[in-house]
Amino acid sequence: MVIAAGRVTATIRGDLTSGMAESLRMMPFSAGHAIVGYLTSAAATLGGFFIANFLLGALVNMLAQMPAERWLISSAILFIFAIFVWTIAGFMAFLAKGAGAVLVMVSVVGVFGQAGLFYVAPGLLVLVGPL
């Protein structure tokens with residue numbers, strides 16, 4: 001999830017510095033289509049890793065004699081959360097200059113929001129936690 005967020009950020013910043021973003025603005029597509037393109041390109045480049053991780057987890061789940069639904073549901077929840085993180089990373093790539101802006105922003109929101117964000121999106125606690 002974090003590797004793909006870095007890929008999204010690197011792709012957007014690369015397009016901004018090389019001038020490719022200017023040619024994208026002349027295309028007959030909306031800005032939303034460009035963002036979806038950035039998100040899917042990052043997921044596509046790491047697709048083999050995602051699939052291998054999913055299959056390894058399914059194998060371990062099967063060997064532990066756990067119901068397959070648990071692994072499928074937890075993977076779906078993680079995938080939805082990953083899309084959320086990638087979208088935030090893409091947004092921050094347009095606004096912030098630093099590479100760690102996503103983690104800093106999550107930390108600042110948690111501090112100033114009195115950790116209320118962790119109740120809404122508990123997966124963020126995993127990203128900013130010490131482990």
Where Asn61 and Trp71 come nearest, the two heavy atoms and their spacing: ND2-CB, 3.4 Å

Here the gap from Ser74 atom OG to Leu72 atom CG, rounded to the nearest 0.5 Å, amounts to 7.5 Å

ILVMFWY cluster, Ile83 and Phe49 together (side-chain gap under 4.5 Å): yes

Is it true that Leu56 and Leu46 fall in one hydrophobic cluster, defined by side-chain heavy atoms closer than 4.5 Å? no

When the ring planes of Phe79 and Trp86 are compared, do they come out parallel, tilted or perpendicular, using 30° and 60° as the limits? perpendicular

Checking side chain to side chain contact (heavy atoms under 4.5 Å, CB included) for the pair Phe54/Leu78: CA distance, chi angles, key distance, verdict? CA-CA 11 Å; Phe54 179 77; Leu78 180 63; over 6 Å; no

Run Phe84 and Ile88 through side chain to side chain contact (heavy atoms under 4.5 Å, CB included) and show every step you take. CA-CA 6 Å; Phe84 169 72; Ile88 297 296; 4.0 Å; yes

